[in-house]
Every structure is written in C-alpha cells, then in structure tokens.
Amino acid sequence: MKINYIKLVMWALVVSLCAYREGWSQTSGIKLDAIEKIIEGMTIEEKVGQMTNLTLFSVAIETDSTISLDTAKLYEAIVKKQLGSIQNIIGRAYHMKDWHKMITAMQKMTLEKTRHKIPFLYCIDAVHGANYVYGATQFPHNIALAATFNPDLAKECASITAAETRAAGIRYNFSPVLDVGRNQQWSRLGETFGEDTYLVTQMGTASIRGFEGGDVSKSNKVAACMKHFVGYSVPNNGKDRAPANIPDIVLREYFLPPFREAVKTGVHTLMVNSGEVNGTPVHASKYLLTEVLRTELGFKGVVISDWQDILKMHERHRVAASHKEAVLLAVNAGIDMCIVPFDFSFTDDLIALVREGKIKESRIDESVRRILQMKKDLGLFSKPYLEPESMSYFAKPSYKKTAYAAAVEALTLLKNEDKVLPLDRDKRILITGPASNLLSALHGAWSYSWQGDKEHLYPDSLNTLAEVFAKNKSVMYEPSLTFKNDVWDKNKVLAAATNSDIIVLCLGEAPYAETPGNIPDLAFDPNQVDLVRTLAVTGKPIVVVLLEGRPRIIRDIEPFCKGIIQAYWPCSQGAQAIYDVVYGKFNPCGKLPYTYPRFSGTLNTYDHKLLDEAVEVAEPYKYVYEFNPQYEFGHGLSYTSFSYKGLAIDKDTLSGSDSIKVSVTVSNTGTRAGHEVVMLYSRDLYASITPSVRRLRRFQKLFLNVGESKTISFYIKKEDLAFVNDQKKWITEAGDFELMVKDLTKKFFYK
Ligand code: BGC
C-alpha cells in the first residue's frame with residue numbers, strides 16, 4: 001500500500017515536470033492574453049462547465065472505510081459536461097493518500113481527455129484547520145480565535161490550514177466566514193469572529209492573509225473565500241438560512257466593512273448568503289452582487305453560490321417560477337460559479353438560456369475569465385498535479401504549538417468567585433458532565449465530518465478532558481448524563497462528588513453545524529441544569545467549563561458555580577489548554593467576542609443604542625428596560641489584576657485628515673504575569689442617526705510581568721468615527737466625541 005502511494009507521488013512529480021516542460025513555464029501559469037485566447041476558443045458548453053460545481057458525492061462512492069471515484073460518473077462530469085471543479089464531501093474526513101488519489105485522477109482525466117486542458121480545481125471547507133484531512137491540525141473555531149484578540153494568531157492558524165490543505169492536493173478553501181455574529185442564537189455563531197464589526201474585520205482579514213499570503217501559486221497557500229455575502233448572520237427568527245430584514249444603512253455600517261476590507265487584501269473568491277435580505281434572496285440580488293460588490297467594493301474575484309441556492313430560489317424563496325428562471329436571475333445578478341451540487345440542471349438551463357439569448361455570452365465570459373484567472377493564480381496551469389514539495393508542509397510538530405496557543409489564549413474566565421481558580425493540584429477533583437469525555441464536544445462543527453458529531457471518526461491520538469485531567473492522580477472521573485439525555489446514575493456521581501474537594505463540570509452543546517443546529521431558544525439543556533443542581537447539594541465548589549458554539553443561557557446555574565470558563569470549541573489542544581488554565585500553568589486572557597445574554601428573549605449587542613438600555617420607572621406600573629447581559633462583550637478575567645491610568649489625547653479638537661493620538665498606561669498590579677487586551681472605544685455624543693452607546697475602534701494585546709507597566713498609543717482618524725447616514729453615505733458629523741479605555745474617558749471635538 002505504502003509503495004503504491006510513493007509511486008503515486010513520484011508519478012505526480014513526473015507529470016508536473018512534463019507539464020512544466022510543455023510550455024506552462026511561468027511560475028503562476030499562463031499570461032492573461034492566453035486566458036482570452038482560451039475563452040475565444042471555448043464553446044458555450046465548455047464555458048458553462050467551468051461555472052458548474054458539484055459535490056464529490058456525485059462522482060464517488062463512499063463506504064464506512066473507503067472512498068473511490070466512480071469512473072463512469074467522473075467521465076460524464078469532466079469529459080461530457082466539461083465540469084471545471086468539484087467540492088467537499090458529505091461523509092467524513094479522508095487520509096492524504098485518498099485525497100491525492102482522487103484529485104490526481106480528476107486532474108489526469110481533465111488534462112488528458114478535454115479539449116482545452118483547463119486544469120481542474122478541487123475546493124473544500126477547511127473551516128478551522130484542514131478538518132477533512134486526517135493528520136492535519138485542528139484549530140479552535142473562529143469564535144474562539146476572536147476571543148484571543150490576536151490577529152497574528154488567526155493569521156498563523158490560517159496559514160497552517162492553507163499549507164495542510166494544499167498538501168492534500170486542494171487549492172481552494174471556502175473560508176473564512178466574515179459574517180458579523182450579531183444574533184447569538186444563530187447556529188453558525190461559532191464560525192464567526194463575533195459580534196463586533198471591527199473585530200471581525202481585523203481577524204477576518206488576518207485570516208485571509210494567512211490563507212492566501214499574497215501569492216496563491218505557492219505550494220503552501222490556497223485561495224480563500226470570504227463568506228457569506230451579506231447579511232446572513234442576523235436572521236429574523238434566529239434560524240439558519242432564514243430571511244433577514246436589514247435596513248440598508250445598517251447593512252452598510254455593520255455588515256459590509258469586513259468584506260470591503262477583505263477585498264483590499266486581494267482575496268480571490270466570495271460565497272453568497274443562502275438567506276434573503278429585505279425580501280430578495282441574495283443570490284438574486286443584482287444590487288448586492290453587482291452594484292455593491294463589484295462597483296462599490298471593487299471586488300474582481302469569483303462569486304460562488306452556496307449549496308443548492310439557485311434551486312432554492314425556485315423551490316424555497318419562490319422568486320422564480322422555474323429552476324431555469326432562477327438560473328437566469330442568479331447569473332444576471334452576478335453569480336460566477338454554482339454549487340449545484342448533485343446534477344447538471346444548472347449547466348443545462350444556463351446553456352439553454354445563452355442559446356435563447358436571455359443571457360449574453362459576454363456575461364458568461366466574464367465569469368469564465370474570473371474562474372480561469374483564479375486557476376492561473378493558483379499555479380494550476382503550470383503545476384496542475386500534486387506538488388511534492390507541498391507535502392513537506394504537512395503535520396509539522398510546531399503546528400500543535402500554534403493550536404495550543406490559540407486554544408489557551410481563547411479560554412475566557414467568566415467567573416472566579418473567591419478565587420476558586422486556579423486549583424490546588426493536591427485537591428481531590430471530580431471531573432464529570434456530558435462534555436468531559438467526548439472529543440466531539442471539544443471540536444464542534446466541521447470536524448472529521450460536517451456535523452462533527454461522529455465520535456468514532458476522531459483520531460485516537462487526541463485526548464478528551466477526562467483523559468487529560470487523569471494525568472493528575474487526585475482527579476477522578478465519573479460519567480454522568482450524556483448530551484442525549486440518557487438515564488444517569490445519580491448516586492454514583494453524588495458519591496464521587498462527596499469524596500472530592502472540587503467538581504469540574506464540563507457542560508455545553510452537542511456538536512452541530514448549520515441548519516441542523518437550529519434551536520427554538522437559547523435555554524440551557526434542562527438535564528444539565530439538573531446535573532448542576534444535583535451536584536450543588538453536596539456543597540462542594542463547582543467549576544463549570546462551557547464547550548459551546550454559542551452562549552446558552554446559564555442564568556439559573558451561574559449562582560451554583562464558583563468558577564466558569566468559556567472554552568468555545570477549542571479543538572485538538574483544547575483539553576490540555578483547559579487543564580493548564582484550571583491548574584494555573586497559564587493565566588487566562590480570553591475576552592468574550594459577543595455579549596453573553598442573560599435571557600433568551602433579550603438578545604442584544606454591546607454596541608446597541610441608548611434606547612436599548614433606557615430605564616423607565618412609572619408608578620404604579622414600574623417597568624424597567626435595561627441592558628443587563630450575563631457577561632458583557634470584552635469580559636474576561638485574569639489570575640492577576642491590571643490597572644489603567646493616564647488616558648491622554650494629544651489634541652482636544654480633531655479636524656480634516658488629522659489623527660488624534662490616544663495613550664494609556666496599563667500596569668500589572670497582581671501577583672502573576674499575564675496578558676491583557678487593551679480596548680479603545682468611542683462614543684459619538686449626538687448624531688443624525690442615533691449613535692451607539694460605544695463602538696470598539698482599536699485593541700492591542702499586551703504581556704505584562706508582575707509590577708510591569710506599559711504605555712501604549714492608538715491613532716484615531718475621522719474615518720474611524722464615521723457612521724452611515726440616511727443618504728447611505730459614510731460621514732463623521734461635527735460634534736463632541738468620547739474615547740474610552742476601561743473606565744477612563746476623554747472628550748474631544750471633531751470639526
Ligand atoms: C455552507 C457553506 C459551505 C458550503 C459548501 C454550505 O452548506 O453554507 O458555508 O461552504 O456548504 O460546503
């Protein structure tokens with residue numbers, strides 16, 4: 001088996017060299033005019049084939065242990081229908097050798113049996129590491145990366161993901177999510193970088209730089225995909241793929257900026273929101289996909305549909321009376337490539353529409369040009385086959401350290417009453433709870449399978465929390481209930497709790513991804529609430545570790561817990577990271593990237609309007625609205641303490657293109673070294689559109705030794721203070737502003 005695999009790699013090397021010698025000799029492939037030449041010679045069928053994208057399942061057969069291509073189906077797709085790309089999987093992760101074998105076969109068939117030999121492109125969701133490739137590193141999900149407030153770390157995780165994806169022979173990654181996670185109930189919150197536009201922009205663009213690195217022809221880079229454009233993350237009903245009503249000014253101020261900044265990085269592709277905004281499916285919106293995206297934002301790359309979304313325009317959104325009409329709307333709106341993904345309905349209907357003159361061939365050419373440009377940039381014309389050197393980037397020992405750093409920096413200490421943490425190593429600990437012995441609970445969505453819930457697919461080399469905690473002799477593990485609401489042996493768990501000094505309770509959500517993760521509200525699982533209450537009777541201090549993709553309501557269990565750690569989905573190194581924080585080897589520094597709600601019926605973000613927190617008391621009715629979340633955005637405790645002093649600005653009036661310098665001194669006043677995230681907020685005191693109570697404008701992460709102080713400075717320009725007015729224009733209105741760092745405030749005037 002191994003020898004065959006080596007042969008395959010050698011063969012790929014030889015074929016790559018031949019392709020190189022045959023004339024595709026530039027580093028990144030053919031010249032642009034050569035692309036025009038190819039397009040000139042292409043039939044409509046060949047062009048539309050490039051725009052069609054199917055799932056691997058349409059050409060492969062998977063069993064429990066194997067995956068193999070169905071050669072007849074592959075021939076039908078690649079040779080007869082001129083298919084230019086295939087994506088993803090449905091079942092599970094595969095080993096590198098399986099990926100190599102399949103992708104090489106697809107490329108070989110394309111180059112040997114098609115007229116123009118336009119190289120084939122394989123695409124995948126490598127969402128938090130190359131999660132469909134065995135042996136690759138699994139990093140914490142984006143929501144956890146956001147909690148690190150460390151864009152360099154996000155970039156490094158993406159860069160390793162790119163290298164390990166490319167090593168598997170895959171050059172296009174449907175990542176990162178740039179949706180701003182402003183609805184905590186949405187099942188994809190864990191895939192976002194949180195609720196703040198600025199934070200999402202910083203982390204998202206860092207991630208794109210990590211994936212693409214400026215030159216995607218390199219054998220350790222991939223094309224990235226900013227997604228899902230736009231307005232996907234605030235569904236009216238909190239469910240995945242649901243309608244959203246977003247006023248244009250809100251869409252522009254809160255949801256467009258990450259995409260606008262990502263365009264500036266040169267990102268190659270964009271995926272469209274599966275939902276509908278203001279009554280128009282985004283796949284049908286020429287306004288969003290052409291006017292805003294192309295004309296205003298200047299995006300030049302490939303726009304790919306999401307899964308089956310053109311079909312859904314007919315079947316679900318009902319803006320098209322037939323599939324063919326849906327294709328017409330979508331392509332005219334600006335879609336370049338369609339994830340169909342099971343059949344050739346898109347292909348056939350699009351060909352017919354061009355022949356009937358309903359879609360201009362020049363419109364098709366635009367899309368094909370973009371797709372071929374991407375293939376060229378990826379080096380596919382010059383190096384269409386596996387790049388043997390890319391394999392040297394796979395599974396480097398240092399990657400584990402990055403995964404650990406990301407997991408440990410993300411851990412957010414929400415509560416630490418009586419300084420219950422860090423724990424004394426000699427204390428007898430009981431570790432229990434449904435998340436204590438499941439790798440899937442640590443990993444969540446998109447882990448070795450789409451839903452991440454197939455425990456048997458996780459590699460044996462990974463450790464659960466119970467396994468990692470077992471390193472300490474004074475820890476005992478006792479299983480309690482599972483996520484499936486099984487019957488559990490209360491007496492056994494209670495007896496173990498009675499014999500312990502402290503209980504570490506691992507709670508949260510069973511893994512899910514996308515629509516299967518829809519929930520009616522954010523209430524915590526009642527069985528887990530019961531577990532907390534049951535154990536609380538023992539009077540032993542309880543430390544809860546939360547493993548969850550979104551904040552489930554903990555109002556009723558919080559009073560029973562001395563300590564609470566938000567771990568998000570920390571993945572492969574998560575258990576070790578939690579262990580190290582619990583025992584104080586690492587001083588926690590994560591900060592909440594969202595507002596942790598107290599009530600399911602009161603979901604809000606930190607940058608809400610003043611009216612959201614107005615307090616009205618009118619006798620005899622006495623009613624109070626207030627902003628009172630469980631934990632605020634940016635909250636996160638440390639085992640040390642920090643003091644902030646001397647907030648200063650270098651001018652009281654800002655004008656023109658000038659900037660204001662803001663300085664502050666931060667000191668570690670506690671007894672341990674630690675990281676602190678310094679956040680600078682601004683507040684517009686009066687504006688023609690109601691101002692938010694505060695907006696995050698800058699942040700910087702510092703490391704301070706005991707007794708150490710650092711003075712840091714931020715620079716703020718008028719653009720940083722701007723909002724979108726009722727004319728849909730970004731504007732900074734003259735008037736008073738405040739800058740806030742922690743509880744320090746400085747006021748200045750903008751004119
Ligand atoms: C998801 C996308 C993903 C695509 C391809 C869809 O269901 O919404 O985020 O990239 O599938 O797998």
Side-chain angles (χ1 to χ4, degrees), residues 52-60 85-94 121-133 141-143 158 161 165 170-181 186-193 204 207-208 211 222-235 239-242 244 258-259 262 267-277 281-283 301-313 315-317 335-342 346 444-452 512-518 549:
T52 308
N53 182 289
L54 297 190
T55 166
L56 179 59
F57 260 36
S58 57
V59 295
S85 59
I86 283 187
Q87 53 98 22
N88 250 310
I89 53 171
I90 293 182
R92 56 183 168 78
Y94 304 123
L121 176 66
Y122 198 88
C123 342
I124 204 155
D125 285 279
V127 169
H128 61 108
N131 39 248
Y132 284 137
V133 184
H141 282 261
N142 288 345
I143 199 70
T161 303
T165 302
I170 303 168
R171 301 192 194 184
Y172 176 20
N173 183 14
F174 297 147
S175 194
V177 165
L178 295 187
D179 301 306
V180 187
W186 187 45
S187 59
R188 304 191 76 169
L189 187 87
E191 291 183 55
T192 74
F193 290 108
S207 170
I208 290 169
F211 288 130
V222 292
C225 179
M226 49 177 174
K227 67 186 191 184
H228 308 77
F229 187 82
V230 57
Y232 185 28
S233 50
V234 278
K239 307 280 166 54
D240 186 40
R241 291 175 155 79
F259 291 97
V267 60
H268 274 77
T269 80
L270 169 143
M271 188 183 283
V272 180
N273 165 12
S274 281
E276 56 186 64
V277 174
V282 182
H283 285 76
V302 175
V303 171
I304 186 164
S305 83
D306 202 342
W307 187 274
Q308 266 191 329
D309 278 321
I310 294 184
L311 175 67
K312 284 188 200 137
M313 283 165 58
E315 290 188 347
R316 298 271 293 152
H317 303 277
I335 301 284
D336 294 319
M337 193 189 273
C338 173
I339 299 187
V340 191
F342 297 108
F346 170 80
W446 299 105
S447 302
Y448 303 100
S449 69
W450 176 41
Q451 294 295 304
Y512 55 84
E514 301 188 37
T515 312
N518 281 350

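For ligands, and for the atoms within them, numbers begin at 1 and follow the listed sequence. Values below: all heavy atoms of this structure, side chains included; hydrogens, waters and symmetry mates excluded. All residue numbers in this chain count up from 1 along the given sequence.
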Requested in this report: Check each atom of ligand 1 against the heavy atoms of M271 and keep those under 4.0 Å away; list them by number with element.
Outcome: 2 (C), 10 (O)

Requested in this report: Would you mind listing which atoms of ligand 1 come within a distance below 4.0 Å of any non-hydrogen atom of N88?
Outcome: 5 (C), 12 (O)

Query raised in the report: What do we get for E191 next to ligand 1 when only non-hydrogen atoms under 4.0 Å count, side chain, backbone, both or neither?
Result: neither

Query raised in the report: At a 4.0 Å threshold, what atoms of ligand 1 neighbour a non-hydrogen atom of H228?
Result: 2 (C), 8 (O), 9 (O)

Query raised in the report: Which ligand 1 atoms are under 4.0 Å away from a heavy-atom of K227?
Result: 2 (C), 3 (C), 9 (O), 10 (O)

Query - Minimum side-chain heavy-atom gap I339-F174 below 4.5 Å - result: yes

Query raised in the report: Mind checking whether W307 has an N or O less than 3.5 Å away from an N or O of ligand 1?
Result: no

Query raised in the report: Does ligand 1 have an atom that lies less than 4.0 angstrom from a heavy atom of Q87?
Result: yes

Report summary line: When distances are taken from atom 12 (O) of ligand 1, the protein heavy atom at minimum range is D125 OD2, 2.5 Å

Query raised in the report: Below 6.0 angstrom between ring centroids: does that apply to W446 and Y512?
Result: no

Query raised in the report: In Å, rounded to the nearest 0.5 Å, how long is the span from SG of C338 to CG of D309?
Result: 8.5 Å

Query - Side chain, backbone, both or neither: the part of Q308 lying under 4.0 Å from ligand 1 by heavy atom - result: neither

**Report entry** atom 7 (O) of ligand 1: nearest protein contact (heavy atom, Å)
**Finding:** E514 OE1, 2.7 Å

Query raised in the report: If we ignore angles and hydrogens, is there a donor and acceptor under 3.5 Å between the side chains of S449 and R92?
Result: no

Query raised in the report: Between the main-chain N or O of K312 and the side-chain N or O of H283, is there a donor-acceptor pair closer than 3.5 Å?
Result: no

Query raised in the report: Counting from 1, what ligand 1 atoms have a heavy atom of F174 closer than 4.0 Å?
Result: 5 (C), 10 (O)

Query raised in the report: Between N53 and S85, does any side-chain donor sit less than 3.5 Å from a side-chain acceptor?
Result: yes

Query raised in the report: Do side-chain atoms of E191 reach the backbone of V177 as a donor and acceptor pair under 3.5 angstrom?
Result: no

Report summary line: In D306, D240, T192, the residue satisfying side chain to side chain donor-acceptor pair (under 3.5 Å) with Y232 is D240

Report summary line: closest protein heavy atom to atom 6 (C) of ligand 1 is D306 OD1, 2.8 Å

Report task. Could you list which atoms of ligand 1 come closer than 4.0 Å to a heavy atom of R241? Result -> 1 (C), 6 (C), 7 (O), 8 (O)

Query raised in the report: Considering all heavy atoms of both residues, which atom of A513 and which atom of A445 are nearest to each other, and what is their separation?
Result: CB-CB, 3.6 Å

Query raised in the report: Do any nitrogen or oxygen atoms of R188 lie less than 3.5 angstrom from nitrogen or oxygen atoms of ligand 1?
Result: yes

